[in-house]
Amino acid sequence: MIDFNKKINPVFPSILSTNFFDLENKLIQFEEAGIDFIHLDVMDGNFVTNISFGPSILKAIKSRFPFKIDAHLMVEHPKEVIPWFIEAGADWISFHIETDDNILENIRMIKKAGKKAGIALNPDTKIEKVFSVLDELDYILFMSVFPGYGGQSFISSVLDKIKTLNKKIENMNNRPIIQIDGGVNLSNIKDIREKGINSFVVGTYLFNSDNISKTINKLKGV
Ligand code: DX5
Ligand code: ZN
């Protein structure tokens, strides 16, 4: 199991950019490379213009592989779909703070089901928006690209927000895990790591790689 305080970078593959005909083969390679979590980008065509997948793919992965599933809900009404993902077996569930839902109610619904609850923030959303619920959160997902598509470039100004957050949480007993999502690759992961991030979502860079296992090891820094 991942120790989020260790030196190794925990890599969470996002399957958004995969060729779905080849998904099983890729998942086998992730398992062999020691991956613990798969990141699922759920898009509803409303919160973002893209549509991706729902809980049935989560169930299918869980039925065949031992991975934990980190469901990132890019949906307009998380309250309505969180129960689906709980039921399908998600282990971590994050939803966006930019939605009109009652944030605290959603966090509590996730935690009541024994899952880890996260808040996701778009690159242009102020970090101060999460301050009132910090004590309740297991993790915070910083989008380092605008949500909707894989393969975009990392927006480095997001790192300033992370600096502000780190100051705010430095004296907390149960500090939330900080996750970064979008545009992560081998040339920027070291700099990002130094800003205090302890969970790295990687999609396109991993799926474009010729040797997944080697690339994962390089990304992990081992
Ligand atoms: C974008 C998604 C990301 C994205 C990451 O909306 O949340 O998870 O797929 O993929 P890359 O690494 O391609 O930016
Ligand atoms: Zn994501």
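Counting starts at 1 for both ligands and their atoms, in listed order. Remember, predicted model here, so these are calculated numbers, not experimental data.
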On a heavy-atom basis, I'd like to know which of Leu141, Leu40, Asp181, Val48 is closest to atom 8 (O) of ligand 1.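 Going through Leu141, Leu40, Asp181, Val48 one by one, Asp181 has the nearest heavy atom to atom 8 (O) of ligand 1.
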
Evaluating non-hydrogen atoms only, which member of Thr204, Val201, Leu16, Val184 is closest to atom 13 (O) of ligand 1?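 The nearest heavy atom belongs to Thr204.
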
Would you kindly specify which portion of Tyr149 sits under 4.0 Å from ligand 1, judged on non-hydrogen atoms: side chain, backbone, both or neither?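 Backbone only.
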
Determine yes or no for a side-chain-to-main-chain donor-acceptor pair under 3.5 angstrom, with [X] supplying the side chain and [Y] the backbone.
X      : Y      : answer
Ser52  : Met43  : yes
Tyr205 : Thr215 : no
Asn166 : Lys195 : yes
Lys26  : Asn19  : no

For residues [X] and [Y], determine if any side-chain heavy atom of one lies less than 4.5 Å from a side-chain heavy atom of the other.
X      : Y      : result
Lys111 : Asp138 : yes
Phe95  : Ile119 : yes
Val81  : Val42  : no
His72  : Leu141 : yes
Met109 : Ile86  : yes

Please say whether Gly150 places an N or O atom under 3.5 Å from an N or O atom belonging to ligand 1.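 In fact, backbone or side chain, Gly150 has no N or O that close.
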
Please determine if Gly183 has a nitrogen or oxygen closer than 3.5 Å to a nitrogen or oxygen of ligand 1.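 Yes - when backbone and side-chain N and O of Gly183 are compared with those of ligand 1, one distance drops under 3.5 Å.
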
Quick one: nearest non-hydrogen protein atom to atom 12 (O) of ligand 1, plus distance?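 Looking only at protein heavy atoms, the one closest to atom 12 (O) of ligand 1 is Gly203 N, 2.9 Å.
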
Nearest-neighbour protein heavy atom for atom 6 (O) of ligand 1, which is reported as residue plus atom name and distance: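 That would be Gly148 N, 2.9 Å.
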
Enumerated ligand 1 atoms positioned under 4.0 Å from heavy atoms of [X]:
X      : result
Pro147 : 6 (O)
Asp41  : 2 (C), 3 (C), 4 (C), 7 (O), 8 (O), 9 (O)
Gly182 : 14 (O)
Gly151 : 11 (P), 13 (O), 14 (O)
His39  : 8 (O)
Met43  : 6 (O)
His72  : 7 (O)
Ser14  : 8 (O), 9 (O)

Can a salt bridge be assigned to the pair Glu128 and Lys168 using a cut-off of 4.0 Å between side-chain N and carboxylate O?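 No, Glu128 and Lys168 are not salt-bridged.
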
Ignoring water, what protein N, O or S atoms are under 2.8 Å from the Zn ion (ligand 2)?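 Short answer, with waters excluded from the count: His39 NE2, Asp41 OD1, His72 ND1, Asp181 OD2.
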
At what distance, to the nearest 0.5 angstrom, does OG of Ser132 lie from CD1 of Ile103?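 Going from OG on Ser132 over to CD1 on Ile103, the span is 8.5 Å.
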
Hey, could you give me the CG/CZ distance between Leu73 and Phe47, rounded to the nearest 0.5 Å?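 Answer rounded to 0.5 Å: 10.5 Å.
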
Can the ring centroids of Phe154 and Phe142 be said to lie less than 6.0 angstrom from one another?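 Between Phe154 and Phe142, the centre distance exceeds or equals 6.0 Å.
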
